[in-house]
Amino acid sequence: MKRVIVGLSGGVDSSVAAYLLKEQGYEVIGLFMKNWHDDTVTISDECPWLEDSNDAMLVADKLGIPFQTVDLSEQYKERIVDYMFDEYEKGRTPNPDVLCNREIKFDVFMDIALELGADYVATGHYCRKSTIEKDGEEIHQLLAGADGNKDQSYFLCQLSQKQLAKALFPIGELIKPEVREIAKAQDLITADKKDSQGLCFIGKVRLPEFLQQQLKPKEGNIIEIDSEFKIYNQPKPTFDSKEKELEFLSKKPEYSVSDGKIVGKHQGAHYFTKGQRKGLGVGGTVEPLFVIDTDVNENVIYTGQGKQHPGLYRNVLFVSNEELHWVRTDLALKEGETMSVLARIRYRQTLDKATLHKVASGLYVEFENNQSAITEGQFVAWYLGDELVGSGVIS
């Protein structure tokens with residue numbers, strides 16, 4: 001009998017995943033990951049980990065499977081929290097959920113599971129796995145979940161073949177209402193529990209306070225850039241190569257304070273991210289202000305009016321070789337090669353047509369349509385049909 005360790009988070013998805021595996025005849029063990037101790041920055045009534053671990057325990061009890069809690073807070077602090085502070089300080093916007101899957105659930109947690117003699121590790125993600133043979137080798141595919149509304153393949157875009165080989169996603173073929181129905185039918189305490197928001201496994205974290213523990217507030221100016229600003233209307237130069245053109249198009253505009261007018265003050269450029277609208281505290285504009293860029297060195301936030309502001313849009317982004325990841329290593333592009341794909345730059349975004357161009361230093365992703373708020377530090381993921389084949393950190 002194959003042994004599967006399920007990451008029970010205290011939510012409905014992982015509860016049903018455990019139930020389905022048991023039905024399929026696996027020996028199932030539930031493990032709750034405790035990743036966070038500091039309750040001062042969580043919003044206490046929004047699912048602190050204690051309530052979640054309790055729910056996970058009750059589910060395991062109901063299903064008649066062994067259960068234990070593992071404390072991964074040290075690794076979590078090192079690999080996720082410290083990394084996030086570091087990225088914010090550099091003026092980038094990290095995605096903790098993608099990292100948590102790569103570094104914690106399918107690495108630290110997986111190692112613990114394998115030490116416990118597990119054949120597989122399972123999670124309640126809405127995605128599917130398939131295995132094909134190619135040149136006599138087994139290749140694992142990461143496929144979008146059957147529920148288009150809930151597909152979470154993006155969060156797993158950094159997994160490797162080695163990690164996928166040991167992974168199971170029992171609810172990937174279901175849609176959310178079916179998952180809730182199963183939980184109700186089995187009388188699981190998590191059946192009607194709200195979906196958790198916020199940082200993976202931390203509960204709802206107040207991000208500014210969370211960051212302020214490390215990043216000190218410092219007052220700076222909010223600058224508004226007019227949508228008619230000359231930089232947006234410059235004629236496009238001609239290029240002697242596609243690569244030079246891509247390099248030009250992937251560069252974000254450079255602003256200086258004299259390019260706009262001061263419209264307000266902020267408490268630290270590193271608290272803000274591109275495309276952000278809330279928290280600026282500037283009124284009196286015809287359309288709401290959006291952050292179009294931040295400069296953490298000069299501590300300035302550049303904004304523009306309205307979501308159509310040209311400062312928000314580009315159609316090319318770059319991923320350096322160090323931050324380029326192929327789930328399907330057999331499909332990795334060689335220098336000079338291109339590939340037509342569907343891609344997204346954030347979770348929940350509809351997939352858009354794009355072309356990948358491999359160059360010596362990395363990879364350009366050229367979208368057919370302009371993308372709003374391409375943000376450094378976030379992940380771009382690309383698909384062939386409903387298979388996620390690779391991803392990278394936006395430079």
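Of the possible polar contacts, one joining the H266 side chain to the N299 backbone as a donor-acceptor pair under 3.5 Å is found. Judged by distance alone, with hydrogens and angles left aside, the side-chain atoms of Q276 form a donor-acceptor pair with the main-chain N or O of T273 at under 3.5 Å. Put simply, the side chain of T355 never gets that close to the backbone of S340: no donor and acceptor are under 3.5 Å apart. Between the side chain of E337 and the backbone N or O of K334, at least one donor-acceptor pair lies under 3.5 Å. Counting only distance, with no hydrogens or angles, the side chain of S241 and the backbone of K244 share a donor-acceptor pair below 3.5 Å. Counting only distance, with no hydrogens or angles, the side chain of D151 and the backbone of A144 share no donor-acceptor pair below 3.5 Å. A side-chain donor-acceptor contact under 3.5 Å links K129 to the backbone of L164. D147 places a side-chain N or O within 3.5 Å of a backbone atom of K176 that can act as its donor or acceptor partner. With Q163 contributing its side chain and R102 its backbone, the two residues share a donor-acceptor pair below 3.5 Å. The backbone N or O of V300 sits nowhere less than 3.5 Å from a side-chain atom of N221 that would complete a donor-acceptor pair.
The pair E287-K307 does not meet the salt-bridge criterion, since no charged nitrogen lies less than 4.0 angstrom from a carboxylate oxygen. Here K90 pairs with E87 in a salt bridge; the nearest charged N to carboxylate O distance falls below 4.0 Å. Between E376 and R92 there is no salt bridge, since no side-chain N of the basic residue sits under 4.0 Å from a carboxylate O of the acidic one. Look at D226 and K261 and you find no salt bridge, because none of the NZ, NE, NH1 or NH2 atoms lies under 4.0 Å from a carboxylate O. A salt bridge links R180 with D195: the closest approach of a Lys/Arg side-chain nitrogen to an acidic carboxylate oxygen falls below 4.0 angstrom.
Within the 4.5 Å cutoff, side-chain heavy atoms of V81 are placed close to those of Y76. At least one side-chain heavy atom of I5 sits under 4.5 Å from a side-chain heavy atom of F109. N95 places none of its side-chain heavy atoms less than 4.5 Å from the side chain of Y347. Side chains of F367 and I345 form a contact here, defined as non-hydrogen atoms less than 4.5 Å apart. At least one side-chain heavy atom of D259 sits under 4.5 Å from a side-chain heavy atom of S256. By the 4.5 Å heavy-atom criterion applied to side chains, I189 and V59 are counted as neighbours. Under the 4.5 Å side-chain criterion, counting only non-hydrogen atoms from C-beta, L63 is not in contact with V28. Taking 4.5 Å as the limit, some side-chain heavy atom of I182 sits within range of a side-chain heavy atom of L174.
In this structure, M84 CE and L215 CG are separated by 10.0 Å, a value rounded to the nearest 0.5 Å. To the nearest 0.5 angstrom, L20 atom CG is 11.5 Å from Y26 atom OH. Taken from CG in L331 to CG in L384, the straight-line distance is 6.5 Å, to the nearest 0.5 Å. Taking CD1 of I292 as the start and CD of E224 as the end, the distance is 9.0 Å to the nearest 0.5 Å. Interatomic distance, CZ of F272 versus OG1 of T294, reported as 10.0 Å (0.5 Å rounding). Here the CE atom belonging to M1 is positioned 6.5 Å from the CD atom belonging to E27, to the nearest 0.5 angstrom.
Of the candidates E78, R79, Q75, R79 is the only one forming a side-chain contact (heavy atoms from CB on, under 4.5 Å) with E103.
Taking both residues in full, the closest heavy atoms of S9 and D52 are given as O-CB, 3.5 Å, listed atom of the first, atom of the second, then distance. Residues A60 and L8 come closest through the heavy atom pair CB-CD1, 4.1 Å. The heavy-atom pair separating E219 from Q267 by the smallest distance is OE2-NE2, 3.5 Å. Here the closest heavy-atom approach between residue L142 and residue C127 is recorded as CD1-SG, 4.0 Å. Residue G275 comes nearest to A373 through the heavy atom pair CA-CB, 3.8 Å, listed as atom of the first residue, atom of the second, then distance. For the residue pair R128 and F169, the shortest heavy atom distance occurs at C-CD1, 4.2 Å.
Residues L351 and L317 do not share a hydrophobic cluster, clusters being chains of Ile/Leu/Val/Met/Phe/Trp/Tyr side chains in contact below 4.5 Å. V16 and I175 fall into different hydrophobic clusters, where Ile, Leu, Val, Met, Phe, Trp and Tyr are joined by side-chain heavy atoms under 4.5 Å apart, directly or via other members.
In terms of the side chain to side chain contact (heavy atoms under 4.5 Å, CB included) criterion, residue partners of L324 (sequence neighbours excluded) are, by chain and number, V319, N321, W326, K358, L363, W382. For the side chain to side chain donor-acceptor pair (under 3.5 Å) test, residues two or more places apart in sequence or in another chain that qualify with E366 are K242, H357.
The number of heavy atoms from other shown groups lying within 6.0 Å of NZ (K278) does not exceed 12. A 6.0 Å sphere centred on CD of E89 holds more than 12 heavy atoms belonging to other residues, nucleotides or ligands.
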Dump the intermediate steps for side-chain contact (heavy atoms from CB on, under 4.5 Å) on K134 and R328, then the final yes or no.
-> CA-CA 12 Å; K134 184 172 164 183; R328 285 287 302 273; 4.2 Å; yes
Start with the C-alpha distance between L280 and V291, add both sets of side-chain angles, then the distance that settles side-chain contact (heavy atoms from CB on, under 4.5 Å), and finish with yes or no.
-> CA-CA 9 Å; L280 284 164; V291 176; 4.0 Å; yes
Is there a side-chain contact (heavy atoms from CB on, under 4.5 Å) between V316 and F248 once you walk through the steps?
-> CA-CA 9 Å; V316 180; F248 173 82; over 6 Å; no
Yes or no on side-chain contact (heavy atoms from CB on, under 4.5 Å) for D192 and K184, after CA distance, side-chain angles and deciding distance?
-> CA-CA 8 Å; D192 294 314; K184 274 202 187 82; 3.4 Å; yes
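No hydrogens or angles considered: a donor-acceptor pair under 3.5 Å links the side chains of Q158 and S391. A side-chain donor-acceptor contact under 3.5 Å links Q371 and Q349. With hydrogens and angles left out, the side-chain atoms of T375 and T93 include no donor and acceptor closer than 3.5 Å. R344 and Y383 share a side-chain donor-acceptor pair at under 3.5 Å.
Taking the six-membered ring where tryptophan is involved, the planes of F106 and H125 are tilted, since the angle between them lies from 30° to 60°.
For residues 277-320, every residue pair satisfying the ring-ring contact (aromatic ring centres under 6.0 Å, His included) rule, not counting sequence neighbours, is listed here: Y232-H309, Y255-Y302, F318-Y364.
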